[in-house]
Amino acid sequence: MVEYDAVVVGAGIIGLSTAYHLKNESPNAKILVVDKLNAAGQANTAKSAAAFRCLFSSHTNFVLADSSVEFYRHLQMDMNIDLKLKQTGYLWLFDEEDYKKMIPALEGLSKKGFEYDVHSEEELAEKLGLKTNLADDEEAKMMGLGSVYKGIFIPKAGIVDVDVLVKFYESEFLRLGGKIQYGTNVESVAVEPREVLGIPGEPYFWQSARSCGVNTNKGLIRAKQVVIAAGAWISQLLDPLGIECHVKSMKRQVFSVKARTDALQKLLFTKGFNDAGCVPFTIMPKPSVYFRPALEEDAFWLSYADEFPRAFKLEDDPQPEEYFYQYGMYQVLVKYFPQFTGCRPFSAFAGLYAVNTLDGQPVIFKEKGLIVVGGASGSGIMKADAIGRIATALYRGEEQAILYGDRKFKVSDLGLKNRHVEAERLVI
Ligand SMILES: Cc1cc2nc3c(=O)[nH]c(=O)nc-3n(C[C@H](O)[C@H](O)[C@H](O)COP(=O)(O)OP(=O)(O)OC[C@H]3O[C@@H](n4cnc5c(N)ncnc54)[C@H](O)[C@@H]3O)c2cc1C
């Protein structure tokens with residue numbers, strides 16, 4: 001039976017970035033990727049809004065996103081891979097109270113050379129047809145919505161075509177000689193004693209054991225190193241082994257609304273923010289409902305990452321909830337953007353965030369010989385390249401990963417034992 005040097009479970013953006021960097025750094029290693037689905041990037045990677053931003057207050061977040069986005073820009077600009085990456089920018093709308101809380105973080109970032117522009121209430125109302133003053137709106141008051149005081153525009157942010165990115169990692173991995181088996185469901189991680197004695201039910205607690213591959217619907221696949229990059233399903237494979245990964249899944253929904261009216265066309269193609277000639281990815285004041293320009297569909301994608309009492313729930317086919325749009329997001333949206341009045345979504349989808357319940361940052365650790373990569377908590381596309389490089393450094397036993405742009409990253413900072421990540425103050 002073939003024994004691989006490494007088997008990577010999961011062909012989402014994180015598994016494929018990891019597999020590609022593993023193979024790139026260790027060209028002689030025999031590496032296999034398996035996925036239960038029939039093609040790459042079909043689970044939560046396909047459900048994402050595929051947006052990115054490079055402005056974060058936490059150094060970890062900044063380095064992971066900024067170096068990944070620089071790599072994606074390099075692919076598009078220097079390697080002619082059309083990722084359809086557009087720097088639409090992010091426009092973050094704040095009420096007065098939250099804007100004042102944000103000032104220290106912004107001043108700190110500005111000293112480090114990060115770029116952002118502050119837009120006044122009047123300017124925003126004029127450019128976007130935005131209703132900024134909700135002080136006399138009884139419904140808005142009841143809903144706890146604040147008036148827009150300022151907008152912070154982050155230019156180094158935007159959108160990308162995640163399918164093309166997935167294809168890049170998949171095809172490069174294959175070109176380097178990696179193998180992929182789709183339609184292969186990993187039922188469990190295979191464990192055996194280092195010294196096999198042939199007794200029924202081994203390994204026993206007195207035996208030194210190791211993972212030796214994965215048990216799948218197509219039989220055992222042997223590998224010296226198992227890498228679990230199964231996204232929201234990570235704990236399904238780790239719980240039976242008593243390994244805690246602090247990753248839970250939570251449903252997230254996206255509703256697409258066509259820009260059918262003149263007012264919505266005007267909003268979608270708002271000029272003056274970016275070279276793409278469109279409205280930026282826009283985040284409303286708390287509760288932070290957002291829309292993303294979906295130019296290829298002539299539409300807006302609307303979403304909101306709700307928390308309490310949203311359940312942690314692992315579902316294979318999560319469904320969008322009509323009422324979540326109708327009585328949730330729509331009600332907030334039309335208060336600020338009356339252009340959407342009467343708009344119904346023409347399509348919708350739902351996926352799962354793999355939430356790291358410790359601090360909302362990815363986890364990349366090795367335990368009992370298994371490498372675990374995931375918990376990207378809703379920002380796995382924008383950080384995937386860096387995550388793959390860090391997981392590769394862990395596989396190769398290196399203390400530092402070298403991210404794109406020659407930035408060093410201490411591998412143990414995203415581990416569990418010596419974890420070191422700062423709290424994020426610019427949370428959406
Ligand atoms: C609605 C929504 C919007 C989002 N928006 C953004 C955004 O704008 N920007 C951003 O950066 N991120 C966003 N994200 C997050 C992003 O999609 C994820 O962080 C990223 O896709 C995670 O990649 P992954 O490879 O870990 O997971 P996945 O893409 O889910 O891949 C995991 C793979 O593992 C496979 N698998 C699982 N269990 C097994 C098994 N037992 N055997 C074999 N295969 C298995 C699955 O089939 C799947 O293909 C969003 C997510 C959602 C749901």
Side-chain angles (χ1 to χ4, degrees), residues 7-19 33-54 61 64-65 68-69 72 90 157-160 162 165-166 169-170 180-189 214-218 221 226-238 240 247 249-256 281 283 290 292 294 301-306 314-318 320 348-356 360-364 372-388 391 428:
V7 60
V8 178
V9 182
I13 192 77
I14 303 279
L16 287 171
S17 161
T18 302
V33 174
V34 294
D35 201 293
K36 60 184 174 183
L37 300 179
N38 290 321
Q42 295 302 298
N44 291 305
T45 295
K47 309 282 183 67
S48 88
F52 65 85
R53 64 169 161 137
C54 301
N61 265 330
L64 296 179
S68 299
V69 172
Y72 305 155
Y90 266 40
I159 52 179
V160 64
V162 73
L165 193 56
V166 161
Y169 284 120
E170 183 196 38
I180 308 187
Q181 248 181 248
Y182 291 115
T184 305
N185 182 38
V186 173
E187 287 153 0
S188 61
V189 174
V214 287
N215 295 308
T216 77
N217 56 333
K218 296 181 175 164
I221 295 173
V226 176
V227 180
I228 306 286
W233 295 270
I234 288 181
S235 60
Q236 230 178 23
L237 293 170
L238 295 183
V247 176
S249 45
M250 194 175 260
K251 175 150 79 174
R252 295 297 178 228
Q253 313 173 45
V254 176
F255 297 84
S256 181
F281 185 107
I283 304 145
Y290 70 76
R292 166 219 202 268
W301 283 2
L302 300 155
S303 190
Y304 176 64
D306 56 322
L314 188 58
E315 298 169 87
D316 274 337
D317 189 18
F349 55 87
L352 300 172
Y353 273 12
V355 180
N356 167 9
Q361 291 285 334
V363 287
I364 305 176
V372 179
V373 195
S377 311
S379 50
I381 311 298
M382 66 181 97
K383 297 176 183 166
D385 190 70
I387 293 174
I428 298 179

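Ligands are counted one by one from 1 in listed order, and the atoms in each one are counted from 1 as well. From a predicted model like this one, the values you see are computed outputs, not experimental measurements.
At a cut-off of 3.5 Å, with distance as the only test, a side-chain donor of Tyr169 or Asp385 sits close to an acceptor on the other residue. A donor and an acceptor atom, one from each side chain of Lys383 and Asn61, are located under 3.5 Å apart. Judged purely by distance below 3.5 Å, without hydrogens or angles, the side chains of Ser377 and Asn356 never pair a donor atom with an acceptor atom.
Close approach of ligand 1 to Lys47 (heavy-atom distance below 4.0 Å) involves ligand atoms 1 (C), 2 (C), 3 (C), 52 (C).
Polar contact with ligand 1: present for Ile14 (N/O pair, distance under 3.5 Å). Considering backbone and side-chain N/O atoms, Val9 never comes within less than 3.5 Å of an N/O atom of ligand 1. The N/O atoms of Trp233, backbone and side chain alike, include none that comes under 3.5 Å of an N/O atom in ligand 1. By the 3.5 Å distance cut-off applied to N or O atoms, Ala43 is not counted among the residues near ligand 1. Here's the thing with Gly380: one of its N/O atoms is less than 3.5 angstrom from an N/O atom of ligand 1. Distances between N or O atoms of Ile13 and those of ligand 1 include at least one value under 3.5 Å. Here's the thing with Thr45: one of its N/O atoms is less than 3.5 angstrom from an N/O atom of ligand 1. For ligand 1, the polar-atom distance check against Ala11 finds no nitrogen or oxygen pair separated by under 3.5 Å. Every N/O-N/O distance between Leu37 and ligand 1 stays at or above 3.5 Å. Geometrically, ligand 1 and Asn44 share a nitrogen or oxygen pair separated by less than 3.5 Å.
Nearest non-hydrogen protein atom to atom 8 (O) of ligand 1 is Ala51 N, 2.9 Å.
Between Lys251 and Asp306, none of the side-chain N atoms (NZ, or NE/NH1/NH2) sits under 4.0 Å from a carboxylate O, so this pair counts as no salt bridge.
Here the closest heavy-atom approach between residue Tyr90 and residue Met382 is recorded as OH-CE, 4.4 Å.
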